[in-house]
Amino acid sequence: MPHIKYETFTAWCNSHLRKAGTSIDNIEEDFRNGLKLMLLLEVISGETLPKPDRGKMRFHKIANVNKALDFIASKGVHLVSIGAEEIVDGNLKMTLGMIWTIILRFAIQDISVEEMTAKEGLLLWCQRKTAPYKNVNVQNFHLSFKDGLAFCALIHRHRPDLIDYSKLSKDNPLENLNTAFDVAEKYLDIPRMLDPDDLINTPKPDERAIMTYVSCYYHAFQGAQQVGNVTHVPEPTRQYTYVPNYNVTKIHISIHFSIQYVIYTAFLYLLIPLIIVTISGHLQNTALPDERAVMTYVSSYYHCFSGAQKAETAANRICKVLKVNQENERLMEEYERLASDLLEWIRRTMPWLNSRQADNSLAGVQKKLEEYRTYRRKHKPPRVEQKAKLETNFNTLQTKLRLSNRPAYLPTEGKTVADIANAWKGLELAEKAFEDWLLAETMRLERLEHLAQKFKHKADAHEDWTRGKEEMLQSQDFRQCKLNELKALKKKHEAFESDLAAHQDRVEQIAAIAQELNTLEYHDCISVNARCQRICDQWDRLGALTQRRRTALDEAERILEKIDILHLEFAKRAAPFNNWLDGTREDLVDMFIVHTMEEIQGLIQAHDQFKATLGEADKEFNLIVNLVREVESIVKQHQIPGGLENPYTTLTASDMTRKWSDVRQLVPQRDQTLANELRKQQNNEMLRRQFAEKANVVGPWIERQMDAVTAIGMGLQGSLEDQLHRLKEYEQAVYAYKPNIEELEKIHQAVQESMIFENRYTNYTMETLRVGWEQLLTSINRNINEVENQILTRDSKGISQEQLNEFRSSFNHFDKNRTGRLTPEEFKSCLVSLGYSIGKDRQGEMDFQRILAVVDPNSTGYVHFDAFLDFMTRESTDTDTAEQVIDSFRILAADKPYILPDELRRELPPDQAEYCIQRMPPYKGPNAVPGALDYMSFSTALYGETDL
């Protein structure tokens, strides 16, 4: 389609450029410099554009194109997206758009028909000019011109001498297009802008290309009318054709030529003298020619023609009469010919319309109906026109005869208008009867065909439904099913029975349709009847097989339900009995542990009760086994596969039998085990009594001794020497009581060997007695040690007995639990009660923490009585210090910072002198002598104030 537009626009441009003696070959290249574009605009507008730039540089070309585009814009044309750069760059799309814009403005826009737009006005002009022509219907500028008839009609309407339109055919578009284009190019000076092959082969030709070409027709023909009907100038041998153009100069030349030609023709053929031989120049060059000169010349025309008028009138009258007579004879002959031909056609057609033969098939009748429609569509319309033409000719003939005073025309016998009307009426009656018969036969056969299709459809559906049903009903698949599967099959069979009953109507419908087809004499009744019979026979077999399978399913269900009941009963009885057997077996082999006579006697009593139930258990066992035997009998009788499998339980009769046999064997074994355990528990009871008798004596004795030792340890009775004496007496008594403990250990060993873990005859255990015995010994030894330390402290520190008693009393007061130790808070309260001042401020807390570090150096969180007593002794007595010892050594050393070994041996006992010599470090200070010893470091080390 762009190819068509390209060629069309190129041809249109050349049609105007050749007026200026030039042309273009390539529309996208030849307009790039803007020169020919400006020339084209000057030719088609008749105006002069600004002088173009003659340079060959790009900006020269752009300037020229811009001048052309500015000129187009000055004509009221809005150029959208078209710039000089695109034209200079050879953009084909933009160049074609620009040319189309020029065509619209200068070739199409000025077209005006009834105040419509250019396009609509041009389309209306084409429609009006081509309206009388057959096979031409101009509705658009693409498809309506494809066959070429519209172009030919436009040319013939204005120049019928150029084209014989009656010889053209719609079926030969290529010839039509070539004819129109050749004539337009040769006689109308309209160049070939379109390619006939492209128009034919393009589904939808380019609308703008065709509009451009058609606009040339419009200007060619409408321009000729505007000049004033100056289209033909007669001449003996040639005819001059006026070609309209948009150049005003050519129109002027043509008018001048016409005036000269008329004058010289009058001189040659009419003997009118050239009395005003210069009239042509006068008429041409004078705005208002001389009226008298023209009147003189025209009078010569009048006298020339008026003398021959009478002879011409007589000749014309004779010719008119003969012409009327000839025309009447032609009409009579044509009537006779048309009447004979029409009657002969009716005679040949009637037998075919009266025929009622058919092959009783819808296809045959439809073929006849199509033949009848073809007759009505193709064959009869020309005859209708022929009949109308015949009547028109007859009426026209009669009218002409009457107007020319001739007698009326009487057609040949049998060919009158009445004869033709009767024959035509008979034809129409035959047509109606034939059409009614065809429609009735079609309806009948369509019903038959519909019934046949309905029969086939229902039969196909029925056969599809019955396919495989006989095999399914004859199947013995239920023989291999379990009860739940059989019930499912039975439900499925019941559903099939319902479906079968529902299909009864379909079978009856099939039979009824077959009967109706036979009644209506369907052409293929034999196959219909055969198929219907097969369906009915199969239906009877399905009914019999359905009933037979129903009976078999019921019987199989009854047997399987009986087996299922037995299986269910077995499962109901076997499950609890099996649980009882399992529990009994576990109980009989259970490794029981008893510790008392009551427990073993309870086990023996329960076992006796169990043995009393064995009779009932044996009856239950026999009942369960009999259920299995009954199932085995039914399965064997009816050959039921898988009938022995119990769906309700995995237990079997063999399991029950094996377990029951195990229980009966374990009962006597259990009797023997319980008897042995009874003897063992009797021996254990004796050992419990022996241990309890001894423990109930030893335990209270240990508790009494512990209380007495504790009372002595509290320091509340007598002096320290008395307390120490009494503690030693208790110590001797405890060691003397040890054989009782050893005897109790022997009894306890026997108890342990007999696995006796509890003794209801005493609250004492060997462990508690051992702990009490060891605590008693420990308490005696600790109290003895504490009393001895207190005596040593008292003697070394010079503390009185009353002070010791006060310290003990205060400590015991705050030792509420009698544990022999105080918490930090209890220790602080005790110090306060003894008159020790501890402030409640931060300094007081720091002083207390320092004291606590002394009495609890290991940070155990408790203060024992020994540490408390040591602290209170240091606080209450005058103690030696490192400074006092240093001063004493300084006296022995005669105020020297060191001491010699001889001085030590002289002043101290030998053992103590040697002790000091071995441990004193050498003196390293000033004025040291050989063997000098450092008594200061030694003294400081004695009180822990150095690392020595």
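All heavy atoms count here, side chains included; hydrogens, waters and symmetry mates do not. Sequence positions, counted from 1, serve as the residue numbers for this chain.
The shortest side-chain heavy-atom distance between D524 and S527 falls under the 4.5 Å cut-off. Side-chain atoms of L194 and F145, non-hydrogen and from C-beta on, never get closer than 4.5 Å to each other. Side-chain contact between W100 and W12: absent, with no pair of heavy atoms (C-beta onward) separated by less than 4.5 Å. Proximity of L342 to K387: side-chain heavy atoms (C-beta onward) are separated by under 4.5 Å at one or more points. You'll find the side chain of L149 reaches within 4.5 Å of the side chain of Y165, heavy atoms only. Two residues are said to be in side-chain contact when any heavy atoms from C-beta on lie closer than 4.5 Å; P205 and I210 meet this criterion. You'll find the side chain of F9 reaches within 4.5 Å of the side chain of T212, heavy atoms only. F181 is not listed as a side-chain neighbour of I190, based on a closest heavy-atom distance of 4.5 Å or more.
In this view, E329 and N325 satisfy the side chain to side chain donor-acceptor pair (under 3.5 Å) rule, not counting sequence neighbours. For D564, there are no salt bridge (charged side-chain N to carboxylate O under 4.0 Å, His left out) partners two or more places apart in sequence or in a different chain. In this view, Y217 and Y213 satisfy the side chain to side chain donor-acceptor pair (under 3.5 Å) rule, not counting sequence neighbours. Listed by chain and residue number, K490, H493, E494, E497, D554 satisfy the side chain to side chain contact (heavy atoms under 4.5 Å, CB included) test with R550 (two or more places apart in sequence, or in another chain). With sequence neighbours excluded, the residues that form a ring-ring contact (aromatic ring centres under 6.0 Å, His included) with W465 are F496, H503. Every side chain to side chain contact (heavy atoms under 4.5 Å, CB included) that T374 has, sequence neighbours left out, goes to E370, R377, K378, H379. Residues passing the ring-ring contact (aromatic ring centres under 6.0 Å, His included) test with Y335, sequence neighbours excluded: F394, Y409. Annotation: side chain to side chain donor-acceptor pair (under 3.5 Å) contacts of D341 (sequence neighbours excluded): R383, Q386. Contacts of K432 classified as side chain to side chain contact (heavy atoms under 4.5 Å, CB included), with partners at least two apart in sequence or in another chain: D436. The salt bridge (charged side-chain N to carboxylate O under 4.0 Å, His left out) test applied to K380 returns E431, not counting sequence neighbours. Listed by chain and number, the residues in a side chain to side chain donor-acceptor pair (under 3.5 Å) with W539 are Q504 (sequence neighbours excluded). Not counting sequence neighbours, E413 has no partner by the side chain to side chain contact (heavy atoms under 4.5 Å, CB included) test.
Here the CG-CD1 distance, from D161 to I155, works out to 11.0 Å after rounding to the nearest 0.5 Å. Note that CG of L162 is 11.0 Å distant from SG of C152, once rounded to the nearest 0.5 Å. Considering CD1 of I163 and OH of Y187, their distance stands at 10.5 Å, rounded to 0.5 Å. If you take CG on L122 and NE2 on H219, they are separated by 8.5 Å, rounding to the nearest 0.5 Å. Interatomic distance, R208 CZ to T101 OG1, rounded to the nearest 0.5 Å: 9.0 Å. One finds the NE2 atom of H142 at 10.0 Å from the CG atom of D206 (value rounded to the nearest 0.5 Å).
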Mind running side-chain hydrogen bond (donor to acceptor under 3.5 Å, both in side chains) on N176 and T179 for me, showing each step along the way? CA-CA 5 Å; N176 299 338; T179 299; 5.7 Å; no

Before giving the answer on side chain to side chain contact (heavy atoms under 4.5 Å, CB included), spell out for T10 and M193 the whole-Å C-alpha distance, their side-chain angles and the decisive distance to 0.1 Å. CA-CA 8 Å; T10 302; M193 298 184 185; over 6 Å; no

Tell me, with the steps shown, if I103 and I99 meet side chain to side chain contact (heavy atoms under 4.5 Å, CB included). CA-CA 6 Å; I103 292 172; I99 298 301; 4.0 Å; yes

Check the pair R534, D537 against salt bridge (Lys or Arg N to Asp or Glu O under 4.0 Å), reporting the backbone distance first and the verdict last. CA-CA 5 Å; R534 288 197 303 272; D537 294 342; over 6 Å; no

Quick one: do L123 and F141 satisfy side chain to side chain contact (heavy atoms under 4.5 Å, CB included)? Show the steps, please. CA-CA 8 Å; L123 182 64; F141 285 109; 3.8 Å; yes

Under the criterion side-chain hydrogen bond (donor to acceptor under 3.5 Å, both in side chains), I'd like the reasoning laid out for Q139 against N137: C-alpha separation, chi angles, the key distance, then a yes or no. CA-CA 6 Å; Q139 298 296 329; N137 183 16; 2.6 Å; yes

Could you walk me through whether K454 and Q509 pass the side chain to side chain contact (heavy atoms under 4.5 Å, CB included) test, one step at a time? CA-CA 10 Å; K454 187 175 181 180; Q509 290 175 5; 5.7 Å; no

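Annotation for A459 and I535: closest pair CB-CD1, 3.8 Å, computed over non-hydrogen atoms.
Defined by atom type and a distance below 3.5 Å, a donor-acceptor pair is missing between the side-chain atoms of N172 and S169. No side-chain donor-acceptor contact under 3.5 Å links Q326 and N328. Judged by distance alone, the side chains of S144 and N140 do bring a donor and an acceptor atom under 3.5 Å apart. The closest side-chain donor-acceptor pair between N178 and R192 falls under 3.5 angstrom. Side-chain atoms of N518 and N529 include a donor-acceptor pair closer than 3.5 Å.
E371 has no carboxylate O lying under 4.0 Å from a charged side-chain N of K368, or vice versa, which leaves the two without a salt bridge. A salt bridge is defined here as a Lys NZ or Arg NE, NH1 or NH2 lying under 4.0 Å from an Asp or Glu carboxylate O, and E344 with R348 meets this definition. At a threshold of 4.0 Å, the pair K323-E327 does not count as salt-bridged, since none of the basic side-chain nitrogens sits closer than that to a carboxylate oxygen. Taking the charged nitrogens against the carboxylate oxygens, K469 and D499 have no contact shorter than 4.0 Å, which rules out a salt bridge. In this structure, R330 pairs ionically with E334, as a charged nitrogen and a carboxylate oxygen lie closer than 4.0 Å.
A distance-only check finds no donor-acceptor pair linking the side chain of R157 to the backbone of Y133 [under 3.5 Å]. Judged by distance alone, the side chain of R406 and the main-chain N or O of L403 form no donor-acceptor pair under 3.5 Å. In this structure, S340 contributes its side chain and R337 its backbone to no donor-acceptor pair below 3.5 Å. With hydrogens and angles ignored, the 3.5 Å screen pairs no side-chain donor or acceptor of S475 with any backbone N or O of E471. Looking only at distances, no side-chain donor or acceptor of S355 sits under 3.5 Å from a matching main-chain atom of P351. With hydrogens and angles disregarded, a donor-acceptor distance shorter than 3.5 Å links the side chain of E336 to the backbone of T412. A donor-acceptor distance shorter than 3.5 angstrom exists from the side chain of K146 to the backbone of T202, with no hydrogens or angles considered.
Few gaps surround CE on M472; more than 12 heavy atoms of other groups in view lie less than 6.0 Å from it.
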